[in-house]
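These notes concern the structure reproduced below.
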Protein chains: 2
Amino acid sequence: MLTIVKEQLSSLSATPLYLQLADMIRNQIRDGGIRTGEALPSERELSDAVGISRVTVRRAIETLLREGLLSRRHGSGTYIAPRIEQPAALLAGFSADMRNRGLMPGSHWLDRSAGLPTPDEAMTLALSIDQPVLRFARVRMADGEPLAIERAVVPAQFLGSVDDVQDSLYAALDLREARPVRGLQRLQASLATAAEARLLSVPVGAAILRIERRGFLANGMPVEFTRSAYRGDRYDFITEVRELRQEPGRQP
Amino acid sequence: MLTIVKEQLSSLSATPLYLQLADMIRNQIRDGGIRTGEALPSERELSDAVGISRVTVRRAIETLLREGLLSRRHGSGTYIAPRIEQPAALLAGFSADMRNRGLMPGSHWLDRSAGLPTPDEAMTLALSIDQPVLRFARVRMADGEPLAIERAVVPAQFLGSVDDVQDSLYAALDLREARPVRGLQRLQASLATAAEARLLSVPVGAAILRIERRGFLANGMPVEFTRSAYRGDRYDFITEVRELRQEPGRQP
DNA sequence: GCCTTTAACTGGTATCTACCAAATTCCGCG
DNA sequence: CGCGGAATTTGGTAGATACCAGTTAAAGGC
């Protein structure tokens, strides 16, 4: 049973009502107040139980649908979706990714410098070849063991100097309000070169997962171009795919 | 300049108005009627140009925002997002994936049989060990060359018999209205075993991209468990990542 | 001339209302 | 008792309206 407390919603708050309601429902789902498969109260019930309009209730439900927490069936009701594991790769940087997996992130620097873009970097970052970029190359560790080599290139305009990046590139971009909200990643299986093998302490010819990521701002401007090489024996990449049109589902 | 033809919208049509409008705008963007960066007419303008309410216009725009075609700025306007390539892996089966890449899909069967699930198959498909499953194993080809080995397992309840699957597994599932709408994929780099090397005509120890996919219905029921081995030298996997909260973007 | 203020845009949230369409429930007929 | 069909309940779409909140550009004052 879902218990919605009318008094917890405030139209004076800065956050919109529909997000407040969404949070409320999300928390109750997380805290186990409602079992999976169980139905939510109908939109009309919710609406006048909480004293907000049905349209607003629907908006709240829609955000939760998009997160995959609920599923709707026309004519039947709105149900709590079965617990699903979150894909690890939700536009998280390496540090966040590792923490999600319960591992201790670490790194040591290979290179941190300013310079000019190579032709293909200029191309993918939509720069002219005289606009400076910053380069960050690190060996990334998980629980003290080398896991990946990461080489990031960022247009200098988005970061003051290379020293702004201490632990996390994304944290530094966040401060400048230049955190990417969208990314395109390319994954490929390959073999370790001699240099990579040495840095990752694996034999030459070991399996390597190469990930190339481009990060974009909301307006589409590219901010990040990162090429990584992950140890194939220690790392797997989880991703979620959906249909574009998310229509109401069926349920027996 | 965007030209919206009022007469093309019909409230009699089966598809809702907001989707009709979204299609209309989407087509004009694709056909290059409007340049990237350019602003759409304001919601109010659109609204009374087409003769539909602003709420409906907003719904149309929202679906295009989610597809990444538009970006909105509070107080400023709605803009065409810069052209972005579509991620190939949009819950497409192998055949559709290959056609997207401009390659001719093909396959030859290794196995097509009914049986009982192994313990880990039963686990991931949420079956008991006495519920029958169908197995499909194929070598997948692109333009006549072997590209991947694909082994799919589907609970028998979702397909009549193994003969229902001719070319495409997804087409067969579609007919029974059991097409997955959501999938979780796990990618890992690895090396070719002797058996794989023979089937894919690569040397033993070549780079292999292993993809494990679980497909789910809208209600969360698992319908598909597929393990594939792709040639690392011929295949790369493209994926898109987003922030959960998609808020309006900034633009200079 | 420049800077500040103000007014006129823009999208963002929220209301009430009406009706359509899919599922389910209930009831009466055979 | 079983089945079919009507009534009810659920979500889905669409409208008109009001006001709030950022942005931008024009109007005003210095």
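A, B, ... follow the sequence lines: proteins, then strands. Residue 1 opens every chain. Values in this document were obtained by computation on a predicted structure and should not be read as measured data. For the numbers below, each heavy atom of this structure counts, side chains included, while hydrogens, waters and symmetry mates do not.
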Quick check on DNA chain C: between B:Val55 and B:Glu45, whose nearest nucleotide comes earlier from the 5' end?
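So the residue in question is B:Glu45.
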Partners passing salt bridge (Lys or Arg N to Asp or Glu O under 4.0 Å) against [X] (at least two apart in sequence or in another chain):
{"X": "B:Arg138", "answer": "B:Glu150"}
{"X": "B:Asp120", "answer": "B:Arg227"}
{"X": "B:Glu212", "answer": "B:Arg186"}

Think [X] has a side-chain N or O under 4.0 angstrom from the OP1 or OP2 of [N]?
{"X": "B:Arg73", "N": "D:dT24", "answer": "yes"}
{"X": "A:Thr56", "N": "C:dT15", "answer": "yes"}
{"X": "A:Thr78", "N": "D:dG11", "answer": "yes"}
{"X": "B:Ser76", "N": "D:dT23", "answer": "no"}
{"X": "B:Ser42", "N": "C:dT10", "answer": "yes"}
{"X": "A:Tyr18", "N": "C:dA14", "answer": "no"}

Using whole Å, report how far [atom1] of [X] lies from [atom2] of [N].
{"X": "B:Gln20", "N": "D:dT13", "atom1": "CD", "atom2": "P", "result": "12 Å"}
{"X": "B:Leu17", "N": "C:dA21", "atom1": "CG", "atom2": "P", "result": "13 Å"}
{"X": "A:Arg58", "N": "C:dT13", "atom1": "CZ", "atom2": "C1'", "result": "16 Å"}

Excluding sequence neighbours, so at least two apart, what forms side-chain hydrogen bond (donor to acceptor under 3.5 Å, both in side chains) with B:Gln131?
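Scan of B:Gln131 (side-chain hydrogen bond (donor to acceptor under 3.5 Å, both in side chains), adjacent residues dropped) gives B:Ser128.
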Within a strict 4.5 Å, meaning less than it, do heavy atoms of the B:Glu43 and B:Ser47 side chains meet?
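They are not in side-chain contact.
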Under a 4.0 Å N-O cut-off, is there an ion pair linking [X] with [Y]?
{"X": "A:Asp48", "Y": "A:Arg44", "answer": "no"}
{"X": "B:Glu224", "Y": "B:Arg213", "answer": "yes"}
{"X": "B:Arg72", "Y": "B:Glu62", "answer": "yes"}

With 3.5 Å as the limit, what N/O pairs link the protein to nucleotides 3-7 of chain D?
none

Which atoms of nucleotides 18-21 of chain D (N or O only) lie under 3.5 Å from a protein N or O atom, and what are those distances?
{"residue": "D:dA21", "atom": "N3", "partner": "B:His74", "partner atom": "NE2", "Å": "2.8"}

Sidechain-backbone polar pair: A:Arg135 side chain, A:Leu116 backbone, donor-acceptor under 3.5 Å
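Indeed, once roles are kept as given, a pair shorter than 3.5 Å links the two residues.
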